[in-house]
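Working notes for the structure below.
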2 protein chains.
Amino acid sequence: MVRYPSSTLDRTFAALSDPTRREILDRLAEGPATLGELRRPFDMTLPGLMKHVRVLEEAQLVVTEKKGRTRECRLGSEQLDDAAQWIETYRRRWERRLDRLGDYLERQKGARA
Amino acid sequence: MVRYPSSTLDRTFAALSDPTRREILDRLAEGPATLGELRRPFDMTLPGLMKHVRVLEEAQLVVTEKKGRTRECRLGSEQLDDAAQWIETYRRRWERRLDRLGDYLERQKGARA
DNA sequence: GCTAAAGTTAACCAAATGGTAAGGTATCCG
DNA sequence: CGGATACCTTACCATTTGGTTAACTTTAGC
């Protein structure tokens with residue numbers, strides 16, 4: 001079984017827990033954008049927007065690069081894979097448990113018959 | 001495309017962003033447990049543990065039921081599906097974008113030849 | 001019925017989060 | 001060169017989060 005460094009998974013899920021940040025990721029899925037462009041749809045100051053981008057960058061969901069007087073942001077991540085994989089692994093275990101419960105109930109039914 | 005009620009996804013990802021809570025889910029994947037049993041592996045007071053369980057319950061990742069003087073906790077959720085689906089949808093869009101970039105680079109190479 | 005176990009509630013605390021305003025730096029453009 | 005644009009930094013604020021201790025309630029068992 002794969003080991004997930006706790007702090008990385010923490011950061012990834014925490015970054016995804018904010019709707020503004022998920023919207024930013026949505027936007028970046030269409031292509032790179034500057035901070036100003038990212039800010040446009042939101043009623044938010046630039047420093048506020050920058051904080052969100054910083055969180056996404058620390059979670060390695062986004063990478064940024066200074067270009068002249070603008071900063072270009074783009075998606076950059078294999079972290080999503082980790083998050084998806086954690087969920088899948090966990091879900092598989094969970095379903096196995098439900099299966100066992102199902103088996104148990106089947107046996108009970110058989111025992112009563 | 002499926003709409004994800006923002007607040008639900010918020011709660012799900014936020015609940016998953018804490019390592020203690022992910023451990024609790026791990027434990028519950030093995031079967032139901034009381035609050036006291038859940039607390040055991042952690043160096044934490046009961047009220048502290050209860051807060052985590054409360055967060056998981058509000059995210060509908062866990063359901064609890066009072067039984068005599070104990071409270072039994074078990075996994076209970078379709079919320080993980082939503083989280084997984086969001087990640088998958090997002091990732092698909094992201095990969096589509098990388099494909100377009102690949103196409104572009106291919107065309108550039110052709111144009112130079 | 002008393003006592004111990006299991007949980008609950010309330011009050012408190014430090015640190016992190018999500019936002020703001022104000023002011024500074026760097027760079028493009030005419 | 002000079003101004004406007006785009007970003008950066010700092011300081012500040014309210015709220016939430018993750019934890020504690022202390023005191024209370026309910027139930028199990030002798």
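Every chain is numbered from 1 and lettered A, B, ... according to where its sequence line falls, protein lines coming before strand lines.
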Return each pair, listed once, that meets salt bridge (Lys or Arg N to Asp or Glu O under 4.0 Å) where at least one residue sits in residues 36-56 of chain A; pairs must be two or more places apart or across chains. none
Between Glu72(B) and Thr34(B): side-chain donor-acceptor atoms closer than 3.5 Å: no
For a side-chain contact (heavy atoms from CB on, under 4.5 Å) with His52(B), tell me which candidate from Leu38(B), Ile24(B), Val62(B) qualifies. Ile24(B)
Distance, rounded to the nearest Å, where Arg71(A) contributes CZ and dT27(C) contributes C1': 14 Å
I'd like to check [X] versus [Y] (side-chain heavy atoms, cut-off strictly below 4.5 Å). Are they in contact?
{"X": "Thr64(B)", "Y": "Leu35(B)", "answer": "no"}
{"X": "Leu16(B)", "Y": "Thr12(B)", "answer": "yes"}
{"X": "Arg74(B)", "Y": "Glu65(B)", "answer": "yes"}

Using the C1' atoms of five pairs at each end, what's the angle between the two axes of the helix from dG1(C)-dC30(D) to dG30(C)-dC1(D), to 10 degrees? 20°
Interface limits on DNA chain D, where chain B has a heavy atom under 4.0 Å of a nucleotide atom: dG18(D) to dA28(D)
Under a 4.0 Å threshold between the charged nitrogen and the carboxylate oxygen, would Glu23(A) count as salt-bridged to Arg21(A)? no
With Glu58(B) via salt bridge (charged side-chain N to carboxylate O under 4.0 Å, His left out) - residues at least two apart: none
Residues passing the salt bridge (charged side-chain N to carboxylate O under 4.0 Å, His left out) test with Lys66(B), sequence neighbours excluded, are none
Connected via hydrophobic side-chain network under 4.5 Å: Leu28(A) and Val55(A): no
Could you run down nucleotides 14-26 of chain C 5' to 3' and tag each one B, S or - for protein heavy-atom contact under 4.0 Å? ----BBBBB----
